[in-house]
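Input: a single structure, listed below in structure tokens.
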Amino acid sequence: MANGGPVQHGFPHLETVRASITALYRRLSYDTVQTFATSVAPADVAFCDTDDLHLGALRVARELVRHYHLPDARLIVGFREMSHAANVELAAGPEYFVELNDRFRTHRRDIGAALAHEVMHVYLHRLGLSFPGTRDNEILTDTATTYLGAGWLLLDAYREDAASSQKLGYLTPEEFGYVLAKRAQVFAEDPSIWFTSPQAYTAYGKGMAQARRDEQQPPLTAAGWAGRRRYARDRRHAQDHQGAGPQPGAPYTFTPDGHGPLRVSFPCPTCQQRIRVPVKGRVRARCGLCRTVLECDT
């Protein structure tokens, strides 16, 4: 939790974020991801200063348990001084103890954001889905929280001005915006209508721009002129050398296919799983993981 200190910006964790989206689809399946088409509603996690602190926190926790389809999980929420925003004890269940930073006693509007991350820890724990290392596992948790409909709360908790700053989670604001944009493209949902933080709008816009660039990489037909020109050059080189392997700085890789046509592999712009298709001009490919239909010019 950044609290008054510098907030990291940009996309330093982008590869881990993309790997997290792929891991979600692989573990949950397309059909299960589709059950999260509706995000957590602001009214369901609203917290005003007149609410009882502990009863209000339990109410919000129950709403997040419901959203994540964890009907048999019970959360016990407490508050104490700590350096992190929150912590959850991942026991066998069905009861889980969540501790929130004491600052949330007076910053109650962000309790929903903190609990969204911690309840997702419970969800991933039950799935048996994790990444090695604390850093990558926390990035997975932030990404899953956001992609499955509660992470807009984490981005909205980001506030920064000349005198102070606050950010929850391990992703940068722009990375939260990127995952929200990926979700928005799948579910046709605009999370920005719920933002109360002006900085969240800016971060979401930058994340959306990065997400759109994913859909404009060759061999996709939406690629721009410069990308198409480089792709054609790399393709000629691969054809002359029976497959040239990875292309430095490019998302695609050419590989030979026995006596058949050259093939190109590239990441699906939706779920990031690599797709492999023959190099033979216009091709329509369907991702087997997220079922996205892609128009390609190979």
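Numbers here are sequence positions counted from 1.
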Self-check item: Closest heavy-atom pair and its distance - Ala73, Tyr96
Solution: CB-CE1, 4.1 Å
Exercise. Evaluate the side-chain proximity of Arg235 to Pro219: yes if any heavy-atom separation is below 4.5 Å, no if none is.
Key: no
Quiz prompt | Glu175 side-chain N/O to Val17 backbone N/O, donor-acceptor pair under 3.5 Å | solution = no
Quiz item: Taking the six-membered ring for Trp, are the ring centroids of His117 and His121 within less than 6.0 Å of each other?
Solution: yes
Practice problem: I would like to know whether Asp72 and Arg126 meet side-chain contact (heavy atoms from CB on, under 4.5 Å); could you show each step before the answer? | Solution: CA-CA 12 Å; Asp72 60 335; Arg126 289 193 170 190; 2.6 Å; yes
Practice problem: Examine distances only and state if a side-chain atom of Arg108 and a backbone atom of Phe47 form a donor-acceptor pair shorter than 3.5 Å. | Solution: no
Practice problem: Looking only at non-hydrogen atoms, find the nearest pair between Leu58 and Ile76 and report the distance. | Solution: CD2-CA, 4.4 Å
Quiz prompt | Taking every non-hydrogen atom, the tightest pair across Tyr25 and Thr270 | solution = OH-CG2, 4.1 Å
Practice problem: Look up atom CE in Met208 and atom CG in Leu180, then write down how far apart they are to the nearest 0.5 Å. | Solution: 9.0 Å
Quiz item: Taking Thr298 for the side chain and Gly281 for the main chain, is one N or O donor matched with an acceptor at less than 3.5 Å?
Solution: yes
Self-check item: Straight-line distance of Leu155 CG to Glu174 CD, nearest 0.5 Å
Solution: 9.0 Å
Quiz item: In the single-linkage hydrophobic clustering (I, L, V, M, F, W, Y; side-chain heavy atoms under 4.5 Å), do Phe97 and Leu115 co-cluster?
Solution: no
Quiz item: Are the side chain of Lys182 and the backbone of Cys271 linked by a donor-acceptor contact shorter than 3.5 Å?
Solution: no
Practice problem: Is it possible for you to say whether Val98 and Leu90 belong to one hydrophobic cluster, with membership spreading through side-chain heavy-atom contacts below 4.5 Å? | Solution: yes
Self-check item: Hphob cluster co-occupancy, Phe187 + Ile193, side-chain heavy atoms under 4.5 angstrom
Solution: yes
Quiz prompt | By side-chain hydrogen bond (donor to acceptor under 3.5 Å, both in side chains) - contacts of Asp52 (at least two apart) | solution = none
Exercise. Check Arg105, Arg109, Arg59 against Asp51 for a salt bridge (charged side-chain N to carboxylate O under 4.0 Å, His left out) and give me the one that passes.
Key: Arg59
Exercise. Calculate, to the nearest 0.5 Å, the distance between atoms CG and CD belonging to Leu75 and Glu95 respectively.
Key: 9.5 Å
Quiz item: Are any of the side-chain heavy atoms of Lys206 and His9 separated by less than 4.5 Å?
Solution: no
Exercise. Hey, can you tell me if Tyr204 and Phe195 have their rings parallel, tilted or perpendicular (30° and 60° cut-offs)?
Key: perpendicular
Self-check item: N/O donor-acceptor pair under 3.5 Å between Thr35 side chain and Asp31 backbone
Solution: no
Quiz item: Is Leu124 close to Met120 at the side-chain level, that is, under 4.5 Å between some pair of heavy atoms?
Solution: yes
Quiz item: Considering all heavy atoms of both residues, which atom of Gly227 and which atom of Pro218 are nearest to each other, and what is their separation?
Solution: O-CG, 3.5 Å
Quiz item: To the nearest 0.5 Å, how far apart are CD in Gln217 and CZ in Arg228?
Solution: 11.5 Å
Self-check item: Gap separating the CG atom of Leu140 from the CZ atom of Arg27, nearest 0.5 angstrom
Solution: 12.0 Å
Quiz item: Between Asp297 and Tyr231, does a side-chain contact (heavy atoms from CB on, under 4.5 Å) hold up when you go through it step by step?
Solution: CA-CA 10 Å; Asp297 187 355; Tyr231 178 83; over 6 Å; no
Quiz item: So do Trp152 and Pro42 actually touch side chain to side chain, heavy atoms under 4.5 Å?
Solution: yes
Quiz item: Can we call the ring centroids of Phe176 and Tyr158 under 6.0 Å apart?
Solution: no
Exercise. Carefully, step by step, assess Val122 and Val65 under the rule side-chain contact (heavy atoms from CB on, under 4.5 Å).
Key: CA-CA 9 Å; Val122 174; Val65 164; over 6 Å; no
Quiz item: Just by distance, do the side chain of Arg291 and the backbone of Tyr30 share a donor-acceptor pair under 3.5 Å?
Solution: no
Exercise. Apply side-chain contact (heavy atoms from CB on, under 4.5 Å) to the pair Val7 and Gln199, showing each step before the final yes or no.
Key: CA-CA 12 Å; Val7 174; Gln199 292 80 22; over 6 Å; no
Exercise. Show your reasoning for whether side chain to side chain donor-acceptor pair (under 3.5 Å) applies to Arg213 and Gln210.
Key: CA-CA 5 Å; Arg213 282 193 286 272; Gln210 180 63 50; 2.9 Å; yes
Quiz item: What class does the angle between the rings of His67 and Phe36 fall in, given that below 30° is parallel, 30 to 60° is tilted and above 60° is perpendicular?
Solution: perpendicular
Quiz item: Does Val45 reach the side chain of Ile111, with side-chain heavy atoms less than 4.5 Å apart?
Solution: no
Quiz item: So, for Glu215 and Ala222, which heavy atoms are closest and what is the spacing to 0.1 Å?
Solution: O-CB, 3.4 Å
Quiz prompt | Main-chain N/O of Ala61 paired with Arg66 side-chain donor or acceptor, under 3.5 Å | solution = no
Quiz item: Do Arg236 and Gln239 meet the criterion of a side-chain donor-acceptor pair at a distance under 3.5 Å?
Solution: no
Quiz prompt | Any Pro269 side-chain heavy atom under 4.5 Å of Leu294 side chain | solution = yes
Exercise. State, yes or no, whether a side-chain contact exists between Gln273 and Cys290 at a heavy-atom distance under 4.5 Å.
Key: no
Quiz prompt | Any donor-acceptor N/O pair, Asp142 side chain to Tyr170 backbone, under 3.5 Å | solution = yes
Quiz item: How about Arg212: does its CZ atom have over 12 heavy atoms from other parts shown lying under 6.0 Å from it?
Solution: no
Quiz item: Does Glu99 have any side-chain hydrogen bond (donor to acceptor under 3.5 Å, both in side chains) partners at least two apart in sequence or in another chain, and if so, which?
Solution: Arg80
Quiz prompt | Side chain proximity check, Trp194 to Ser39, heavy atoms < 4.5 angstrom | solution = yes
Quiz item: Tyr123 and side-chain contact (heavy atoms from CB on, under 4.5 Å): which partner among Thr145, Leu70, Leu64?
Solution: Leu70
Practice problem: Could you verify whether a donor N or O on one side chain and an acceptor N or O on the other, from Tyr178 and Arg18, lie under 3.5 Å apart? | Solution: yes
Quiz item: Which value, rounded to the nearest 0.5 Å, describes the distance between Leu154 atom CG and Leu171 atom CG?
Solution: 8.5 Å
Practice problem: Report yes or no: does Arg135 contribute a side-chain atom to a donor-acceptor pair with the main-chain N or O of Pro132 at less than 3.5 Å? | Solution: no
Quiz item: Within the distance-only criterion (no hydrogens, no angle test), does the side chain of Thr221 pair as donor or acceptor with the backbone N or O of Cys296 below 3.5 angstrom?
Solution: no
Practice problem: Identify the heavy atoms of Leu168 and Ala157 that sit nearest to each other, and give their distance. | Solution: CD1-CB, 3.8 Å
